[in-house]
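First up is the structure itself, then whatever we jot down about it.
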Amino acid sequence: MCRLMTVEASGAPEAEALAGRFAQLFAALAGNIERVIRGKRENVELALLCLLSEGHLLLEDVPGVGKTTLARTVAASVDARWTRIQFTPDLLPSDVTGVSIFNQSNSQFEFHPGPIFANIVVADEINRGSPKTQSALLEVMEERRVTVDGRPHPVPRPFMVIATQNPVDMDGTYPLPEAQLDRFLMKISMGYPDHASEVAVLAGTPTGPLIDQLPKVAGRDDVKNMIDFAGRIHVAPPLYDYLVQVVATTRQHSDIRLGASPRASLALLRAVRVRAAAAGRSFVVPEDVKALASHVIAHRLMLTPEAELRGRTAPELVAEALSRVPVPQSAGV
């Protein structure tokens, strides 16, 4: 495995050197995932950005385009514990979080952790779970702990939920409410593969090794160190102002009924720091904000009925918000 030393940077040269090592390990992880997921480099990098931002990822697309495969491959590339939960209408909250069972030998209740207690949790077809089961994820996705019988139980670090859902087949599904969507750092679509990648699939040579045979590129401590380093990436004061203005503009748009909250600002800040480190930089630039704004903000917006009738989309409105906010001219180190 590649290794990233613990962050103890005290000056610009050290920070730049560590950023370079961060970028190397990030590229190694992305390359490993691409051995299975071909022709989707952007989606692969976005999934890794979520992991290293300590955020959660929602994959929404039609069946058969590799949503679950991407989630499993990300988990397989990291030497950490991962679980998969198949959401169905009869799944109970305790099936996800765990349950307290009475132990007759000591006359005490003992907590038995559910599958949510893992580093990477693949929540397959999350919109097939009932609202009661979906809501069981609200606390753990935000606070990284589960409260059972009044006692908190922290989940391990790093912790990431990668959820998939199919927007076409709506029979027996329960759309995620806004409060649940807001817990996801990003929402992305896989899209169909390009012609060359699909031809390679048919030729039988594309996917390389099976997922279970993929090498572990990074360990749990490596991921923790990368997360800690990304949190120290420099953000100049003008960029804080720029980021907040972009998010605040969505609250003032006439076509948006509910704009992005401060949670979106914090999520975007974490994501742009990781993107800067993945590019080998120890500082954030405006292009980082522009590149990730739609992925982080769009799924949190509620459009007005009139805007929906006119065919407006949330990504279009985020692009308009970006165009309305002046870009700071001196926002580097």
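Everything numeric in this text was worked out from a predicted model, so none of it was measured.
No donor-acceptor contact under 3.5 angstrom links the side chains of T164 and E125, judged on distance only. Inspection of the Q165 and E60 side chains reveals an N or O donor paired with an N or O acceptor under 3.5 Å. If you check the side chains of N103 and E110, you find a donor sitting under 3.5 Å from an acceptor.
Ion pairing between a basic and an acidic side chain is recognised when a charged N comes within 4.0 Å of a carboxylate O; R157 and D221 show no such pairing. Ion pairing of D255 with R310 is present here, as a side-chain N (NZ or NE/NH1/NH2) and a carboxylate O approach within less than 4.0 Å. Using a 4.0 Å cut-off between charged nitrogen and carboxylate oxygen, R312 and E320 count as a salt-bridge pair. The pair K67-D61 does not meet the salt-bridge criterion, since no charged nitrogen lies less than 4.0 angstrom from a carboxylate oxygen. The pair D194-R38 does not count as a salt bridge, with every side-chain nitrogen at least 4.0 angstrom from each carboxylate oxygen. The pair D182-R263 meets the salt-bridge criterion, with a side-chain N (NZ, NE, NH1 or NH2) lying under 4.0 Å from an Asp/Glu carboxylate O.
Between the side chain of R270 and the backbone N or O of S53 there is at least one donor-acceptor pair closer than 3.5 Å.
Outside the 6.0 Å centre-distance limit, the rings of H299 and F184 are not counted as a close aromatic pair. Two rings, from F117 and F111, have their centers less than 6.0 Å apart.
The hydrophobic clustering, which links ILVMFWY residues whose side-chain heavy atoms are closer than 4.5 Å, places I233 and V296 together.
Taking CG of N225 as the reference point, atom CZ of R220 lies at 12.5 Å (rounded to 0.5 Å).
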